[in-house]
Each structure stands twice: as structure tokens, then as C-alpha cells.
Amino acid sequence: MINVKFEQVMSNVEEAVTEDELAALLDNETNITAYAGYEPSGKLHLGHLLTAYKLMDLQSVGVDVIVLLADLHAYLNEKGTMDQIRDWADHYQKCFSALGLAEGTRFVRGSDYQLEPEYTKLILKLARHTTLNRARRSMDEVSRNAEDPVVSQMIYPLMQTADIGYLNIDIAVGGIDQRKIHMLAREELHSMGFKSPVCVHTPILLGLDANKMSSSSDNLIAIEDSPESIKKRIQSAYCPPRTVGDNPLLQLYRYYVFPQFKQVELERPQQYGGPICYEDFSTLELDYAVGKLHPLDLKNGAATYIERIIGPIRSALRSD
RNA sequence: CCCGCCUUAACUCAGUCUGGCAGAGUGGUCGGCUGUAGACCGACAUGUCCCCCGUUCAAAUCGGGGAGGCGGGACCA
């Protein structure tokens, strides 16, 4: 029984820190609160969806969820002016509502509480306890312009730590790029009398060109992309035959298609063997590894199923 | 506060001394080869030369002023 919950939360995650604490939490506690924070800047894309799915997994096992629209974090991390970020935050809230999070999801805007005196005091206290090197290293995977960091980017991890304490978070969800900040939070919050969060980290997926996913290199699928755009992007994605490592197409199946569909049917010309059906990712992966499944068939199927995932989100967004 | 260096295509940078069509590599787009992509081959496009003022027939280049970044020095009762 416990294992069912635990396995659900652990599915497709890179790591949980720690698994024992997570299991104990799910086993013994009620009124558990999990959160993920997002910098409102740039289009929402499949990468964001991965942590959103994890929040939904948590909701499905009875955990309360907070989505933090981290507007001040975005500002500190040089993502735009306050005005631009406010607009993005409005948009993000609509997008997340369209994703299908459970009723009762709490949306919180960072600026709603991060300017309160008590919060500020907590930041200063954290600043007093954190070395510059530690703060800087914690931002390595998170900040743009890694050389020439600004002081605001050193405040960022302190605020993220304070958020977890302030919002009384039990489970912090984020990509594995958040790891060092979360480890800082676990350490500092504990010594300041707050709960240390259990951290659940999702993988950071490759972009469609097998390089690091980034909106600037345009190698990702945004939730607002048109069906045509999705198809075109997937068509041009990197996909070496019989290769399962660092294959962005297989990632789409593993992290998006199979978690959402029990049965995956791939169309295929009769000439190459006709339609083929899979019920789990590992079977598909194996067929691909041995060359039983051609990259183009993989791509055509991915385009169909990714559109089936994104289509409803797109229309929910439009009807709003 | 003082001194030195840097700022040119999406990125990394040549070019500045000695003024004369705005350059290379990487990346990008298109095509060829593949039942996909990549690789490979071929073609194409890059632009506020950080900003302002001046000198000049002509300024990325010279002069003056400014902005941003980097490094050092000084200050430290």
C-alpha cells in the first residue's frame, strides 16, 4: 500500500533526498505540502511539464501542492523588468491551470510575501550563514551568465531556502539543476528550526537536437506550439538508429507518452511491417535498440502522441 | 578615488598601431545523400562594429565625452 504511493512519487525521477525520508513521510504523515517554483519568463515547455507531472503524481497520493510563481526570483536572475515578469506570471498562472493540476492547487506569487519584514530578516540571517562560494556554486546550473554573476543571483538561493521554510514545505520538487540550492536549504533550515524538505528531483531532459534544452536555442516543444510546429520540430530532431542513450525521441516516449497512455500504437507503412503496439516503454526501447523500430516511425508516433498531450492544454488555454 | 585592459554576426573572436567595400571559426537556413535526424558534400544569409560628439573626401580604426564589463592599485583612524 505504502509502496504504491512511494513508487508513484519515485517514477521517472532522477533522485529523492532522501528516499527513506520520503517513504516515512508518505507513510506516517497527513497534510503533506509539496511545492515547485517557476521563474515566470519564456514560454512554458515540455521541461516544465515534467515537474508539473510530478506535482500531479503527488496530488494523486494525497499531497497538497503549491505552485510558486517566483516573480522576484526571475527578476533577481535577470529575466526581465518587473513589468515584463508580472505579465509572464499572469500568463504562467493560466498555463498551469490548463495543465490539469488537481482542484485545490494553491498558486502563490513570490512577491505576495517575499517583501514582508519577517521574510527579509530570514534572508539576512541566511546571508549571515552562507559563504559566497556556496551561494555561487548553488547557482551554477540555474543562472544565466555564470561568469559575472550579480549580487542578486547570490540572494536567489537564500530566498529559495526561505520560501521552503516560510511556506512550510515538506517536499520540494524541481529539476536536478536545483539540487545544490535544495541541499543548502536542507542544511540551513534544519539549523534554524525549520523542517528540512525532502527533495524530489526530476531529470533535465535533452533538447530535440540532443544539446541542452534552452529557449534561446529553440530546441524544445512549447505548450503553445501549433500541431504543425510540433510535427516539424520532431521531424528535425536528432535520432540516431538503434541508439538509446541521449536520444531525445526516446525521452519523449519515456517521460511523456507512456506515463499518459496505457497503450501506444505506432502507425507504420505495410512495407516496413505495418502498425505496431506497445504497452510499456522498455519493450519499445528494446525494439529500437535492436533495430526493429525505425527512427521515422518513432518520430511519426511521437508527433501524434505529443499532440494528443498538448492539444487539450492548448485548447484549455484558448478557452480561458 | 587612481591606473590598465575589454566591448565587432546567435556564440568565440580577428581586424584598430599605419583611416579606404565588414571578416573567420562555430552555430543557423536551404538543397544533395540517406525510409528520420546527425555525419558528410554543396549553396546561402548574417551586422545599431557599445552610445554621443568631433576631425576627414572617407572612421570599427584617429580625437573628446559617456556606458557596461574585467583586473590591479590606493584608502583601511
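All chains are named by letter (A, B, ...) in the order of the sequence lines, taking the proteins before the strands, and each is independently numbered beginning at 1.
A salt bridge between A/Asp64 and A/Arg106 is absent, with no side-chain N of the basic residue lying under 4.0 Å from a carboxylate O of the acidic one. Salt-bridge annotation for A/Arg86 and A/Asp83: present, with a side-chain N of the basic residue lying under 4.0 Å from a carboxylate O of the acidic one. A salt bridge links A/Glu187 with A/Arg134: the distance from a Lys NZ or Arg NE/NH1/NH2 to an Asp or Glu carboxylate oxygen falls below 4.0 Å. Using a cutoff of 4.0 Å between basic side-chain nitrogens and carboxylate oxygens, A/Glu224 and A/Arg318 are not scored as salt-bridged.
Rounded to an integer number of Å, the gap from A/Asn211 CG to B/C11 C1' is 13 Å. The distance from atom OH of A/Tyr238 to atom C1' of B/G38 is 6 Å, rounded to the nearest whole Å. Distance, A/Leu249 CG to B/U36 C1': 8 Å, rounded to whole Å. Rounded to whole angstrom, the span from the CD1 atom of A/Ile234 across to the P atom of B/A37 amounts to 14 Å. Atoms OH (A/Tyr288) and P (B/G35) sit 15 Å apart, rounded to a whole Å. The distance from atom NE2 of A/His294 to atom P of B/U34 is 13 Å, rounded to the nearest whole Å.
The cationic group of A/Arg268 does not satisfy the cation-pi geometry with A/Tyr272, failing either the under 6.0 Å distance to the six-membered ring centre or the 45° limit from the ring axis.
Residue-level contact check: A/Pro241 touches the bases, meaning some heavy atom is under 4.0 Å from a base atom. Note on A/Asp297: a base of the nucleic acid sits closer than 4.0 angstrom, heavy atoms only.
Screening A/Tyr92, A/Trp88, A/Phe96 for a ring pair (Phe, Tyr, Trp, His ring centres under 6.0 Å) involving A/Tyr38 leaves a single residue, A/Phe96.
By the 6.0 Å contact criterion, CZ on A/Arg242 is open, its count of non-hydrogen atoms from other residues, nucleotides or ligands being 12 or less.
A/Tyr253 and A/Phe281 have their aromatic ring centers separated by at least 6.0 angstrom.
On the P atoms, B/G69 is 28 Å away from B/G54, given to the nearest whole Å. Taking atom P in both B/C50 and B/C13, one finds a spacing of 14 Å when rounded to whole Å. Taking atom C1' in both B/U16 and B/A22, the straight-line distance is 13 Å, to the nearest Å. Nucleotides B/C17 and B/C6 are separated by 13 Å at their P atoms, to the nearest Å. B/C30 and B/G15: their C1' atoms are spaced 30 Å apart (whole Å). Rounded to whole Å, the separation between the P atoms of B/G73 and B/A14 comes to 26 Å. Of the C1' atoms belonging to B/C62 and B/G20, the separation is 14 Å, rounded to the nearest Å. Annotation: B/U61 and B/A77 have their P atoms spaced 46 Å apart (nearest Å).
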Give me, pair by pair, the N or O atoms of the protein and of nucleotides 29-32 of chain B that are less than 3.5 Å apart, along with how far apart they are.
none

- A correct dot-bracket answer for RNA chain B, with pairs being Watson-Crick or G-U at under 3.5 Å, [ ] for crossing pairs and | for inter-strand pairs, is ((((((((.[[[[.)....(..]]]].(((((.......))))).....[[[[[..)....]]]]])))))))....
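For the residue pair A/Thr283/A/Asp280, the side-chain donor-acceptor check at 3.5 Å is satisfied.
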